Amino acid sequence: MPTPVITRFAPSPTGHLHIGGARTALFCWAYARRHDGRFLLRIEDTDQARSSDEAARGILEDLAWLGIDWDEGPAVEIAGRTLGGDPRGVGPFFQARRLETYNAYLDWLIDRDLAYPAFDTPEELGAMRAEAEREKRTFRYARSASYDRGAAMARYRAGEACVVRLRLGDADVRVRDDVLGDIAFEREHIDDFVLRKADGFPTYHFAVVIDDELMGVTHILRGQEHLNNTPRHVALQQALRRLDNGEPFRTPVYAHLPLIFNPDNSKMSKRDKAKAARRAMKDAVAAGAQSAESIANAAGIDPAQAAAFLAGETDAPSLAEAIARVLGVSLPEIEVEDFRAGGYLPEVLVNYLALLGWNPKAKNADGTDLEKFDAAYLGERFDLPAIGKTASKFDRDKLRAFNFAAIQAMDDAQFAAVWRAWCARYDREVLARLGAEDGVSDRMLIAARAAKPRCNTLAEARGPVAFALIDNDAIVFDEKAVEKVLKKPTDAAKPELGTGAGFLRVMRTELDALSAFTPEAIDAWAKSFAESRGVGMGKVAQPLRVAITGGTVSPGLGETLALVGKASVLARIDRCVAKFA
RNA sequence: GACCCCGUCGUCUAGUCUGGUCCAGGACGCCACCCUUUCAAGGUGGUUACACGGGUUCGAAUCCCGUCGGGGUCGCCA
C-alpha cells in the first residue's frame, strides 16, 4: 500500500493570513484532496515576541472563509462547522506546546556530538558578519578549531545561556524538488545553523523538520523563498533518527511555489501597507497640510508611535491602518482579510489564486482556455507538474474582472443575500438605510438589482445606489448637470414644454398618480410619457435623474425612482423645482 | 558580493519534456465601432510577445552554450 499523502500548511501567527500564504494553503489542500490524502494545519508559534493567539485565530478564520478545511490541526468551531482534530494522535499542533519533543531530539543530537552548544554573543556574531562583508565573502558560521567540547558541555550543563547548533556533515546536499527539479548545494554554502535559541525555543528549521517527520508529512509545498532553507532541512533529516523506533527521518517531496509580486516587481508583503501609509503621511507632512502630531491625534494613536512609524522604525499594521483612515488613502490589499473587506468573493479569490502559478491546461467548450473553476475542480485536478516556475505579478484588474463575472452569475436575490451578509460585517449603514437589518428587504432587493451590474466588488455595490442612502435634502446638485438638463429648454421646437425643471412639474403630477411604484411600472410610464409629448427618453430621464440623484448618472430610471420610493421622489422633485425652475 | 531560482503580449498564461500542425492560442487590460434614457452591462473588431547572441538541425519559442535582465536567500524571524 502506498504511503498516503499528507500535506501541511504551517503559518506563524503574527498577523492575518497573507495572500501568498493563502495560495500555499490552497495548493497543499488541493494536493491532499487530489490524492485522497490528509491536509494538516500546524501553528508555528516559536517566535515568542511576535506570535499571538488572536493572530492564530484570525488565520484559522481566514482559511475557513476561503473554504480551505483542514483534516488535522487546531480543533475549532467556525461558522457552525468543526474543523481540525487529532485522529492519529500526532498533536499538539501549536509548536510552543511541543518543547519537550524538540528537547528530546536535541539531547539525542548533543549526546552524539551531532549538535553542540555555542556561546557566541549577538555582538560577536555581528562582528563576524561585518568582517565577512568587508572581505566580500558570504558569512558562514563555523565551529572554531579551538572549540573545547568538554568545557562547552560543562558550561551547558551549568545552565549558561547559549544556542545549540547542528554540526553539519561533510557532504554536499542534493534537494529533489518536484517543481524545480534537482538542485545541488555545496557543503561550503551551508553552515552550522541554530537549532535551539537562547530562550529555549526551537528555531523554525529544527521544529519544522521534527514536526514534519512525526506528523508523517509526505509533501511540502511552500513558497520559493524557502528554497535556500531546504538543504538545511535535508541535512537535519539525514542526521536524525526517530526516538520511538530508531528509523531514520524521511525526506519529504518538496515543491517550491513561484513567488507572487506586486505590479512593480517587488515581493508582495505585509510591509507594503506600512509603506503606502508612510508615503501618504510623508506627503501630507511635506505639503504642510498636517503635522505628524496632528495626524496621530486624529488617528487616535500615540504621537511617539506615529513618529516612530514615520521614521520607519515600526511597520505595525494597526498604525498603518489608523493613519491611512485619517489621510483618506486606501492601503493595498495584501492579506486575506483585506480582500474580504474589499468585497471579493471567497470562491473568486480561490479561483484567481489557483491561477497564480498553476494552470488546469484544459479547454472550455468554445475552445478557449479554461480559467474559471471552483475549489472542487481544483481538488480533482491539481497536481505538481502543472505548477509554473516563474514568479507572477498579482493582477488586481483580472481579480476584479473575475469577481465581476461571479457577481453577474448570481440572480438578484442571491446577490442581495451575499451583499447583505457583507454589509452586516463591513457597512451596517447600508442595512439601516435600506431597512435590511433583519434580512433582505424589498428596497434592498431593488438596490441589489440596480447595483449588481455596476459593481466589481461588494464594497463597490454601495456606489451606484449611494443616492438612496442619504436624506432627501442631502442631495447635492451637480452644477453642470443642472445647467445642461434643468435650465435649458427641453426642446427648442416645442417651447410649450419649458425647461427641464419646468418639465419636471408635469412629470410630478403623473408620477403622483401612479398606483404601482415598481421599476417596471415606472419605466412603462416614462416610455409612454415621452411618446405622448413627442420627445426622446433622455428628455424625461435626465431631469428626473438630476432631481433624484443630483447628477446625470444613475442606474435604470425605474430602479432609481423605485429605490427611493414615491414619497421621496416627489419630495426630491419639489425641492429641485423650487431651486431651479 | 556569494549561492540558488527564473526569463512567451502591458499582466496572468497555453505551447517547451516528445523540434515542423505556432508568421505563436486564451484570459485580463487597452483602443475603436455597434447597441443605448445616463452610467454600466452586452455585441463586433483591433492592439501587442518567444530577452539578446551564438551554435545543432532541412527546420528551434521548443535542444546546447554564452550574455544580459529579474527575483530569492545569506538572523538566536518564520
Side-chain angles (χ1 to χ4, degrees), chain A residues 10-12 14 44-47 49-51 118 120-122 125-126 129 132-133 135-140 161-165 175 177 179-181 183-186 188-191 193-199 201 203-205 207-208 223-231 256 258-259 261 263 265-267 352 355-359 361 363-364 366-372 385 388-402 404 408 450-455 464 481 485 523 526-527 530 536-542 544-546 549 551-557 560:
Chain A
S12 59
T14 57
E44 309 219 324
D45 54 353
T46 54
D47 185 336
R50 283 195 262 181
S51 300
D120 314 86
T121 64
L125 287 169
R129 282 196 188 92
E133 192 173 340
E135 294 170 7
K136 298 197 167 186
R137 23 179 205 92
T138 308
F139 172 71
R140 301 286 171 209
C162 66
V163 300
V164 176
R165 289 178 182 270
V175 171
D177 184 293
V179 169
L180 301 172
I183 303 159
F185 293 85
E186 289 174 20
E188 59 174 314
H189 298 301
I190 319 167
D191 67 0
F193 57 95
V194 173
L195 301 177
R196 188 172 69 189
K197 304 179 268 189
D199 66 3
F201 279 71
T203 58
Y204 158 71
H205 305 298
V208 99
Q224 246 179 55
E225 71 268 24
H226 286 292
L227 184 58
N228 288 293
N229 290 148
T230 311
H256 286 96
L259 265 11
F261 290 136
N265 246 354
S266 60
K267 192 180 157 194
Y352 181 72
L355 243 21
L356 237 38
W358 182 76
N359 191 289
K361 301 188 197 295
K363 298 282 185 192
N364 293 308
D366 66 0
T368 56
D369 292 353
L370 179 89
E371 287 195 315
K372 304 267 173 68
K389 298 183 179 186
T390 54
S392 40
K393 293 188 184 72
F394 195 91
D395 184 352
R396 199 67 43 96
D397 285 334
K398 186 151 180 170
L399 206 215
R400 289 167 61 78
F402 273 41
F404 179 81
Q408 302 322 310
K452 200 185 87 175
R454 296 172 175 80
C455 64
V485 307
D523 281 331
K527 195 160 178 265
M537 265 295 272
K539 301 296 184 189
V540 176
Q542 292 308 77
L544 280 169
R545 280 206 166 83
V546 176
T549 73
T552 53
V553 176
S554 87
L557 189 65
T560 299

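Keep in mind it's a predicted model, so treat the numbers as computed, not measured. Naming: A, B, ... by sequence-line order, numbering from 1 per chain. Excluded from the calculations below are hydrogen atoms, water molecules and symmetry mates; all remaining heavy atoms, backbone and side chain alike, are included.
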Novice: Indicate, with a heavy-atom threshold strictly under 4.0 Å, whether Thr390(A) touches base, sugar-phosphate, or nothing.
Specialist: sugar-phosphate
Novice: Scan every strand shown for a Watson-Crick or G-U wobble partner of C33(B), both distances under 3.5 Å, and answer none if you come up empty.
Specialist: G43(B)
Novice: If you look at every strand shown and take non-hydrogen atoms under 4.0 Å, does Arg129(A) touch a base, only sugar-phosphate, or nothing?
Specialist: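 Counting heavy atoms under 4.0 Å across all strands, the contact made by Arg129(A) is with sugar-phosphate only.
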Novice: Would you measure the distance from the P atom in U37(B) across to the matching atom in U21(B) and give it in whole Å?
Specialist: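 These two P atoms come out 49 Å apart once rounded.
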Novice: Which residues pass the side chain to side chain contact (heavy atoms under 4.5 Å, CB included) test with Asp397(A), sequence neighbours left out?
Specialist: Asp395(A), Arg400(A)
Novice: Using the P atom as the reference point in each nucleotide, state the distance between C58(B) and C50(B) in Å, no decimals.
Specialist: 26 Å
Novice: Does Asn364(A) reach a base, just sugar-phosphate, or nothing at all? Heavy atoms under 4.0 Å.
Specialist: nothing
Novice: Identify the 5'-most and 3'-most nucleotides of RNA chain B with at least one atom closer than 4.0 Å to a non-hydrogen atom of chain A.
Specialist: G1(B) to A78(B)
Novice: Ignoring hydrogens, what is the shortest heavy-atom contact between Phe185(A) and Leu227(A)? Give both atom names and the distance.
Specialist: CZ-O, 4.1 Å
Novice: Take Phe402(A) and Lys372(A) through the test side-chain contact (heavy atoms from CB on, under 4.5 Å) and record every step on the way to the result.
Specialist: CA-CA 8 Å; Phe402(A) 273 41; Lys372(A) 304 267 173 68; 3.7 Å; yes
Novice: Pick base, sugar-phosphate or nothing for Pro555(A), based on heavy-atom distances below 4.0 Å to the nucleic acid.
Specialist: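 The answer is base, as Pro555(A) lies within the cut-off (heavy atoms under 4.0 Å) of a base atom.
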Novice: Under 4.0 Å, counting only non-hydrogen atoms across every strand here, what does Glu371(A) touch: a base, just sugar-phosphate, or nothing?
Specialist: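 Base contact.
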Novice: Check side chain to side chain donor-acceptor pair (under 3.5 Å) between Asn359(A) and all other residues, then give those that pass, not counting sequence neighbours.
Specialist: none
Novice: Would you classify Asp47(A) as touching base, sugar-phosphate or nothing, given that sugar-phosphate means primed atoms plus P, OP1 and OP2, and contacts are heavy atoms under 4.0 Å?
Specialist: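 Sugar-phosphate: the residue Asp47(A), judged by heavy atoms under 4.0 Å, touches backbone atoms but no base.
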Novice: Looking across every strand, which nucleic acid part, if any, lies under 4.0 Å from Val163(A) by heavy atom: base, sugar-phosphate, or nothing?
Specialist: base
Novice: A14(B) pairs with which nucleotide, Watson-Crick or G-U wobble, both distances below 3.5 Å?
Specialist: none
Novice: Assign Thr46(A) to base, sugar-phosphate, or nothing according to its heavy-atom contacts below 4.0 angstrom with the strands shown.
Specialist: sugar-phosphate
Novice: Mapping Met537(A) and Gly388(A) onto RNA chain B by nearest heavy atom, which one lands closer to the 5' end?
Specialist: Gly388(A)
Novice: By the 4.0 Å heavy-atom rule, please label His226(A) as base, sugar-phosphate, or nothing.
Specialist: base
Novice: Considering every strand shown, what is the Watson-Crick or G-U wobble mate of C63(B) when both distances are under 3.5 Å?
Specialist: G55(B)
Novice: Give Tyr352(A) one of three labels, base, sugar-phosphate or nothing, depending on what nucleic acid heavy atoms sit under 4.0 Å from its own.
Specialist: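 Since no nucleic acid heavy atom lies under 4.0 Å of Tyr352(A), the category is nothing.
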Novice: Please measure how far the C1' atom in A24(B) lies from the corresponding atom in C64(B), and state the result in whole Å.
Specialist: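 Each nucleotide's C1' atom is 23 Å from the other's.
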Novice: Using modelled atom types only, decide if a donor and an acceptor are shared between the side chain of Arg545(A) and the backbone of Gly551(A) within a distance under 3.5 Å.
Specialist: no
Novice: Measuring only the P atom in each nucleotide, how far is C39(B) from C33(B)? A whole number of Å is fine.
Specialist: 14 Å
Novice: Restricting to side chain to side chain contact (heavy atoms under 4.5 Å, CB included), what partner residues turn up for Pro258(A), sequence neighbours left out?
Specialist: Arg23(A), Gln224(A), Ile387(A)
Novice: Mind checking Ala198(A) for me? I need base, sugar-phosphate or nothing, with any heavy atom below 4.0 Å counting as a touch.
Specialist: base
Novice: Paired with G7(B) by Watson-Crick or G-U wobble geometry, both distances under 3.5 Å: which nucleotide is it?
Specialist: C68(B)
Novice: For A2(B) versus U62(B), give the span between their C1' atoms, rounded off to a whole number of Å.
Specialist: 32 Å
Novice: For Lys452(A), which residues count as a side chain to side chain contact (heavy atoms under 4.5 Å, CB included) partner, sequence neighbours excluded?
Specialist: Ile407(A), Gln408(A), Asp412(A), Phe415(A)
Novice: Using a heavy-atom cut-off of 4.0 Å across all strands, would you classify Ser12(A) as base, sugar-phosphate, or nothing?
Specialist: sugar-phosphate
Novice: Suppose you measure atom C1' in C9(B) against the same atom in G15(B); what distance do you get, rounded to whole Å?
Specialist: 14 Å
Novice: Spell out, as yes or no, whether a donor-acceptor pair under 3.5 Å connects the side chain of Ser12(A) to the backbone of Thr14(A).
Specialist: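 It does not hold such a pair.
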Novice: Quote, to the nearest angstrom, the P distance that separates U44(B) from C35(B).
Specialist: 15 Å
Novice: Identify the nucleotide, in any strand shown, that forms a Watson-Crick or G-U wobble pair with G75(B), with both distances under 3.5 Å; if there is none, say none.
Specialist: none
Novice: Excluding sequence neighbours, so at least two apart, what forms side chain to side chain donor-acceptor pair (under 3.5 Å) with Lys363(A)?
Specialist: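 Result, side chain to side chain donor-acceptor pair (under 3.5 Å) vs Lys363(A): Asp369(A).
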Novice: Using the C1' atom in both, what is the distance from C23(B) to U67(B), to the nearest Å?
Specialist: 27 Å
Novice: Heavy atoms only, 4.0 Å cut-off, all strands: where does Asp120(A) land among base, sugar-phosphate and nothing?
Specialist: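 Base, at least one base atom sits under 4.0 Å.
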Novice: Just call it for Gly556(A): base, sugar-phosphate, or nothing, with non-hydrogen atoms closer than 4.0 Å on any strand.
Specialist: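 Result for Gly556(A) = base.
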Novice: Between Leu355(A) and Leu180(A), which is nearer to the 5' end of RNA chain B once each is assigned its nearest nucleotide?
Specialist: Leu180(A)
